[in-house]
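Scroll down for the structure; my scribbles are underneath it.
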Amino acid sequence: MLRHIVQFAAFCVFASLCSAEHWAFQPLKAEKGGSIDEFIRRKLTENGLKPSPRAEDRTLVRRATFDLTGLPPDSAKTSSFPQLVDELLASPHYGEHWARHWLDVARYSDTKGYVYAREEKTWVHAATYRDWVVRALNADMPYDRFVLLQLAADQLVPERSPDLAAMGFLTLGRRFLGVTHDIIDDRIDVVTRGMLGLTAACARCHDHKFDPIPTRDYYALYGVFQSCAESVVPCATGQDKELAELQHKNREMLTKVREERMAMTRSQVRQHLEAQLELEQYPEEVFSQLLEVDDLNPVIVRRWQAWLDEDARRPQPVLAEWHALCGKGTAEELRACAARYGALFAAVEKQWRALLETNPAATALPDEKTETLRRVLYGSHSPCHVPDEHIANIELYFPAGVTVGLWKSQGEVDRFILRSNSAPAHATILTDRARPSTPRVFIRGNPLTKGDAVPRQFLSLFGSQQPFAHGSGRLELARAIADPRNPLTARVMVNRIWQHHFGRGLVSTPSDFGKQGSLPSHPELLDWLAQRFIDSGWSIKAMHRLIMLSDTYQQSSGVQNAKAVQMDPDNRLLWCMNTHRLSFEEARDAWLLAAGRLNLRAGGRPASLFAPDNTRRTLYTLVDRENVPAVMRTFDFANPDLSIPQRTETTVPQQALFGMNHPFIVQQARAMLHRENLASIDPATRIRRIYAQLFQREPDAGEMAFALRFVQADQPALIVEADHSKSWQYGYGAWDESTGKVKDFKPLPHFTGSAWQGDEAWPNDKLGWAQLTASGGHPGNDRKHAVVRRWMAPAGGIYAVKSTLLHEPSSGDGIRSFISHSQQGRLHAGKLHQGSADLNFDTLAFGAGDTLDFIVDIGDVLNSDQFLWSTQILRAPTVGAAADSPAQTWDAAKDFSTQPNSQLNAWEQFVQVLMLANEFMFVD
């Protein structure tokens with residue numbers, strides 16, 4: 001076994017030494033070449049291949065327009081291709097489209113992910129960061145400046161500068177329930193993978209297995225971010241009186257509880273010294289520990305431990321007697337020493353308070369020895385000090401009840417910023433702490449097992465590094481990344497630009513340029529492009545022009561070349577152009593534009609994807625980490641939890657089913673037909689206009705003939721089954737035990753497309769967690785807000801009810817359930833926790849308009865109260881003298897809808913089919 005361990009260790013050393021010579025870590029080579037095409041043709045010639053001919057003009061216009069703006073072209077465009085590229089780069093829509101590419105890398109989300117209910121879940125600065133990226137790209141901000149501002153804008157621009165928003169790159173990651181180690185790991189990962197193409201986060205627990213990134217390097221970067229604190233600041237001019245009042249109230253509350261916490265700690269010197277004798281009772285990692293007001297706080301106990309270690313290294317320790325006894329004295333002696341120091345510090349505190357009463361301007365005690373003791377109790381380096389920082393940084397200093405109150409106060413400020421039209425934009429930045437941390441390696445990634453201290457500095461694979469000397473070192477880190485001598489930064493970015501033009505980068509692993517990443521298909525071209533990028537002043541738009549005006553970019557994609565397909569099936573040598581399926585954002589924007597409904601207003605708050613009034617570009621759709629819309633996931637939207645360098649491109653049935661069945665597509669098809677008064681013109685002209693709008697071309701003779709036959713055919717109306725959706729209502733109210741009915745039934749006011757609830761956000765201020773879906777739901781936050789699924793009998797008769805109620809979670813205390821008849825009152829009442837119940841009635845008499853309510857509220861506490869309730873109401877067939885009435889079934893899940901099903905006429909079907917055609921959904 002030992003022999004195998006030694007062999008493996010030797011292999012790791014060898015791999016590390018080899019990877020130091022890896023191509024990506026070498027300086028840029030001065031490659032000779034006059035154009036992109038020269039490099040591409042050289043490789044093609046070496047493999048006996050030739051490039052494809054130039055694509056036709058219409059194809060190039062569509063390709064370029066989607067590539068640069070994410071929108072279809074105007075069919076009237078007649079510019080030369082170079083002029084067209086310049087026009088597209090000058091369009092405000094360029095920044096919107098390319099911002100989305102960067103936001104994938106930046107793991108953009110409007111929300112924090114799962115947070116405790118006490119905390120506002122929406123970031124106050126997400127939209128501000130998104131809009132900053134758009135503006136920066138439209139202005140062609142030099143990429144090195146783009147990097148610097150996202151890492152250290154707080155040290156480069158003045159207060160209230162709009163560029164402070166850039167730091168959302170660091171601060172928009174998941175909240176990780178406040179776990180500092182994971183938040184810092186996320187920041188290290190997004191910086192190193194996003195800007196350097198390095199998987200440095202792999203070194204959190206051990207030296208990188210393949211790349212020359214030792215664990216020490218990871219913790220050198222860890223120390224940079226550990227030495228920073230989050231701060232929410234305005235990044236625009238202007239004031240709002242109501243916001244100022246809320247901020248003042250929040251500030252006063254935070255100051256008050258900080259002062260109380262520090263005063264209590266100053267009065268507990270003896271207890272904190274005694275706690276050093278039983279540190280195992282005060283864990284360093286206290287993320288889930290609930291503390292009461294009188295408990296010793298483990299965070300503060302550990303601060304005393306750190307201060308005592310530092311004091312012991314002083315030439316003249318302040319607590320000399322304590323240090324002399326440590327390791328030598330008995331527990332009784334140490335406790336007696338703690339009591340003496342406790343009394344001594346209490347006397348110093350009393351003396352200081354007395355001095356302040358007579359001299360409020362005093363800054364020190366007159367006696368030097370006594371003043372030395374006073375400084376232990378006060379000052380920013382005191383173990384009693386609670387930093388004056390945002391609650392997100394210091395919540396662990398307080399007991400649970402205080403923390404909840406602080407977050408509630410902060411939430412009021414956050415929600416005002418999010419909803420007010422008069423509040424200035426805010427950014428969440430990092431600021432350097434007054435006293436930077438000296439990080440220590442966590443052995444195997446365990447923060448409880450600390451190894452050697454390491455200096456804060458840049459990665460050693462770039463050569464011998466000097467420790468950062470200014471504050472946290474974050475600005476020095478940013479400058480090291482943006483340094484033109486850094487071989488990775490320019491390579492990584494030009495590769496990302498190339499990737500979004502050709503569908504794949506010259507390096508097909510765009511966020512991993514290490515040994516586990518792929519080799520570049522054209523290494524000389526990559527270095528040539530990187531050097532041109534730097535020489536252009538880091539201009540992203542210049543790189544677009546260079547690529548798009550090449551013959552390589554302008555090749556056709558439809559060439560049949562059997563030899564090339566056999567030799568290079570993945571087209572890594574670029575003997576033709578690759579086809580590109582529209583992303584969901586591109587498709588939705590194109591559908592809206594074709595319908596004449598696309599709202600091109602830029603910037604501002606996000607909106608829910610299918611909100612009735614949301615016709616803005618999809619860039620401005622709300623991205624909720626916990627609830628990304630299913631359709632966006634179906635169309636391969638980037639996971640906002642992670643830095644995503646390249647989206648997958650799947651083809652699955654759900655994509656086609658969305659296009660065929662979702663009301664959004666139907667709405668756009670109908671809107672397009674009503675656009676420009678198409679109904680008033682002859683069918684052939686109408687078809688030509690539809691083709692021009694969707695495909696930027698005329699239909700050919702065969703397409704015209706088929707279209708005319710289809711729209712002019714006499715289609716009989718389809719017989720559809722009875723619409724039962726109108727028989728159901730979705731609301732809330734309180735269960736009244738005395739009447740056996742719901743008191744004050746009110747409809748749930750907001751429909752998301754898949755659920756009825758209180759507002760667009762869920763949970764929300766209006767009705768909390770109250771929600772009803774097709775299959776179940778969740779009650780409101782208290783028993784005044786039970787959720788009620790109400791069925792109304794369309795006619796008198798005898799009905800049967802079949803239903804199964806299911807509560808799955810083991811946590812919490814379950815739910816209460818009721819079934820109530822409008823005439824008969826309570827039919828069922830019960831409690832359910834982690835179980836199921838069949839609630840059936842074989843015969844129930846109803847008059848026309850009578851109702852049956854299916855009601856759920858919380859148990860004794862609000863905790864894990866989600867439920868499933870499948871319900872069917874059946875009416876047997878009846879036979880009368882006039883006619884037979886068929887059997888009918890009302891199914892709560894099947895009938896769940898906002899509106900009756902509707903039919904499409906032939907013209908609407910025709911437009912819908914074209915909107916889903918490959919020619920529309922693919923570029924090339």
Side-chain angles (χ1 to χ4, degrees), residues 107 109-126 167-190 201 204 222-232 250 253-254 257-258 261 282-293 295-303 306 385-415 418 426-431 433 437 439 442 445-448 472 624-626 640-642 763 811 863:
R107 79 281 187 241
S109 172
D110 292 290
T111 65
K112 303 172 184 177
Y114 179 73
V115 294
Y116 299 110
R118 68 194 183 197
E119 183 177 347
E120 170 55 44
K121 66 177 289 186
T122 304
W123 289 117
V124 299
H125 65 297
M167 297 191 72
F169 179 78
L170 292 175
T171 59
L172 274 175
R174 288 171 56 198
R175 274 280 286 130
F176 294 98
L177 296 178
V179 179
T180 301
H181 310 304
D182 292 338
I183 292 172
I184 292 177
D185 182 74
D186 171 69
R187 290 172 180 165
I188 292 172
D189 183 65
V190 76
R204 181 178 182 178
Y222 181 97
V224 171
F225 295 108
Q226 187 184 33
S227 301
C228 302
E230 287 183 21
S231 180
V232 180
N250 183 52
M253 181 178 184
L254 184 59
V257 299
R258 285 181 57 247
R261 176 73 271 176
Y282 301 93
E284 289 189 73
E285 308 300 318
V286 292
F287 310 119
S288 60
Q289 187 165 337
L290 298 178
L291 299 173
E292 298 300 330
V293 175
D295 292 338
L296 283 188
N297 188 313
V299 171
I300 298 174
V301 170
R302 293 293 178 165
R303 282 205 65 175
H385 181 69
V386 177
D388 186 8
E389 296 174 1
H390 190 279
I391 178 59
N393 303 312
I394 60 174
E395 59 180 313
L396 294 178
Y397 281 86
F398 307 107
V402 173
T403 301
V404 170
L406 289 170
W407 271 119
K408 182 179 179 181
S409 176
Q410 182 64 50
E412 292 177 0
V413 175
D414 292 349
R415 284 185 285 276
L418 288 166
H426 279 66
T428 300
I429 65 173
L430 296 184
T431 59
R433 290 187 163 121
S437 302
F442 296 166
N446 185 351
L448 299 178
S472 71
D624 185 344
R625 277 197 168 95
E626 288 189 278
D641 283 343
L642 304 169
S811 54
N863 185 356

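The residues of the chain are indexed from 1 along the displayed sequence.
- Note that NZ of K112 and CG of L177 are 12.0 Å apart. Values are rounded to the nearest 0.5 Å.
- Residues D186 and D182 are not in side-chain contact: their nearest non-hydrogen atoms beyond the backbone lie 4.5 Å or more apart.
- Taking CG of L448 as the reference point, atom CD of E284 lies at 5.5 Å (rounded to 0.5 Å).
- Qualifying salt bridge (charged side-chain N to carboxylate O under 4.0 Å, His left out) partners for E395, counting only residues two or more places apart in sequence or in other chains: R118, R175.
- Closest approach of Y222 to I184, counting heavy atoms only: CD1-CG2, 3.4 Å.
- When atom types are taken as modelled, the side chain of T111 and the backbone of R625 share a donor-acceptor pair closer than 3.5 angstrom.
- Using cut-offs of 30° and 60° for the angle between ring planes, the H181 and F442 rings count as perpendicular.
- Contact annotation: the side chain of L254 approaches that of I394 to within less than 4.5 Å [non-hydrogen atoms, C-beta and beyond].
- By the side-chain hydrogen bond (donor to acceptor under 3.5 Å, both in side chains) test, R433 is found to be paired with E389, residues two or more places apart in sequence or in another chain being considered.
- Taking the side chain as every heavy atom from C-beta outward, R187 and L430 approach each other to under 4.5 Å.
- Remark: side-chain polar atoms of S409 are not paired, donor with acceptor, to backbone N or O of G405 under 3.5 angstrom.
- Residues N297 and R303 form no side-chain contact, since every pair of their non-hydrogen atoms from C-beta on lies 4.5 Å or further apart.
- Closest heavy-atom contact between R174 and D641: CD-OD1, 3.2 Å.
- A distance of 7.0 Å separates CG in D388 from NE2 in H385, rounded to the nearest 0.5 Å.
- Distance check, rounded to the nearest 0.5 Å: NE2 of H125 to CG of L418 gives 11.0 Å.
- Judged purely by atom type and a 3.5 angstrom limit, T428 has no side-chain atom pairing as donor or acceptor with the backbone of V232.
- Looking at heavy atoms from C-beta onward, R261 lies out of side-chain contact with V402 at the 4.5 angstrom threshold.
- Residues S227 and G223 approach most closely at OG-O, 2.7 Å, considering heavy atoms.
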Fill in: Residue pair H426, D414: steps toward the side chain to side chain contact (heavy atoms under 4.5 Å, CB included) verdict
CA-CA 10 Å; H426 279 66; D414 292 349; over 6 Å; no
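- Residues M253 and K408 fail the side-chain proximity criterion, which asks for heavy atoms closer than 4.5 Å.
- Looking at heavy atoms from C-beta onward, D185 lies out of side-chain contact with F176 at the 4.5 angstrom threshold.
- Closest heavy-atom contact between G173 and W123: O-CZ2, 3.1 Å.
- Across all non-hydrogen atoms, the minimal contact from S437 to Q226 is CB-OE1, 3.4 Å.
- Using modelled atom types and a 3.5 Å distance limit, the side chains of T122 and D110 yield no donor-acceptor pair.
- With rounding to the nearest 0.5 Å, the separation of CZ in F398 from CZ in R258 is 7.5 Å.
- Rounded to the nearest 0.5 Å, atoms NE2 (H390) and CD (E230) are 7.0 Å apart.
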